[in-house]
Amino acid sequence: MTAPRRQVAAPRVRTRRLVAAVTLAVVVVAGLVVLGALPDTAATDIAGDALYAGAAYLLVVAVAPRLPALAVGAIAAAWCVGVELFQLTGLPLAWGAAFAPVTLVLGTVFDARDLAVYVVTIALATVVDLAGSRGRRTT
């Protein structure tokens, strides 16, 4: 007789949430280092965008670890694209001028390159997550 699915899945869900949360903390620290300690170049801008997209993906996993990787990727991509398009309103720039930490979440000004970096990063994160979930199922 096999254990009910929920009992078997619970340790996997906890593990997925824990791994996502710990990795998210590392990604946030890396993002702060890129933002504050490295010169502002195209490379650090792209790295920051990739870390932001990765953080969005990991946050969704940490909050909803039962979601399949494709759903996580769709939610993270929608968030990143939505935030980037919101920058076209000028509100994030104004809010950031009043309270600088807002820029860490909402950015400042629109850049089409950011959209490409977000989509590629989230696609890669989704592939890694799918590969990891297949590995967990076979063990």
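We count residues from 1, following the sequence as given.
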Distance check, rounded to the nearest 0.5 Å: Gln87 atom CD versus Leu93 atom CG?
9.0 Å
Same cluster or not: are Val128 and Val120 linked, directly or through other Ile, Leu, Val, Met, Phe, Trp or Tyr residues, by side-chain heavy atoms under 4.5 angstrom apart?
no
Please tabulate, for side-chain N and O atoms in residues 26-42, each donor-acceptor pair with protein atoms closer than 3.5 Å (sequence neighbours left out).
residue: Thr41; atom: OG1; partner: Ala43; partner atom: N; Å: 3.3
residue: Thr41; atom: OG1; partner: Thr44; partner atom: N; Å: 3.2
residue: Thr41; atom: OG1; partner: Thr44; partner atom: OG1; Å: 3.4

Please report the shortest heavy-atom distance between Pro65 and Arg17, naming the atom on each side.
CD-NH2, 3.0 Å
Would a hydrophobic clustering, with Ile, Leu, Val, Met, Phe, Trp and Tyr connected at side-chain separations under 4.5 Å, put Leu58 with Val63?
yes
Please evaluate residues Val72 and Thr126 with respect to the criterion side chain to side chain contact (heavy atoms under 4.5 Å, CB included), reporting the C-alpha separation (whole Å), side-chain torsions for both, the decisive distance (0.1 Å), and the verdict.
CA-CA 8 Å; Val72 172; Thr126 303; over 6 Å; no
Should Val109 and Trp95 be regarded as members of a common hydrophobic cluster, given that ILVMFWY residues are connected when their side-chain heavy atoms come within less than 4.5 Å of each other, either directly or indirectly?
no
With rounding to the nearest 0.5 angstrom, report the CG to CD1 distance, Leu70 to Ile75.
11.0 Å
Drop me the distance from Leu24's CG to Leu51's CG, to the nearest 0.5 angstrom.
11.0 Å
Common cluster, Leu91/Leu106, ILVMFWY with side-chain heavy-atom separation under 4.5 Å:
yes
On a heavy-atom basis, the closest approach of Leu67 and Arg16 is O-NH1, 2.7 Å
Heavy atoms of Ile122 and Cys80 approach each other most closely as CD1-SG, 4.0 Å
Side-chain touch Trp79/Tyr52, heavy atoms, less than 4.5 angstrom:
yes
Same cluster (ILVMFWY, side-chain, under 4.5 Å), Leu115 and Leu88:
yes
Residues passing the salt bridge (charged side-chain N to carboxylate O under 4.0 Å, His left out) test with Arg113, sequence neighbours excluded, are Asp45, Asp111
Please answer whether the main-chain N or O of Phe86 pairs with a side-chain N or O of Thr89 as donor and acceptor at a distance below 3.5 Å.
yes
Heavy-atom check, side chain of Val83 versus side chain of Tyr118, under 4.5 Å
no
Tell me the closest heavy-atom pair linking Ala62 and Ala20, and the distance in Å.
N-CB, 3.9 Å
Sequence neighbours excluded, which residues qualify as ring pair (Phe, Tyr, Trp, His ring centres under 6.0 Å) partners of Phe110?
none
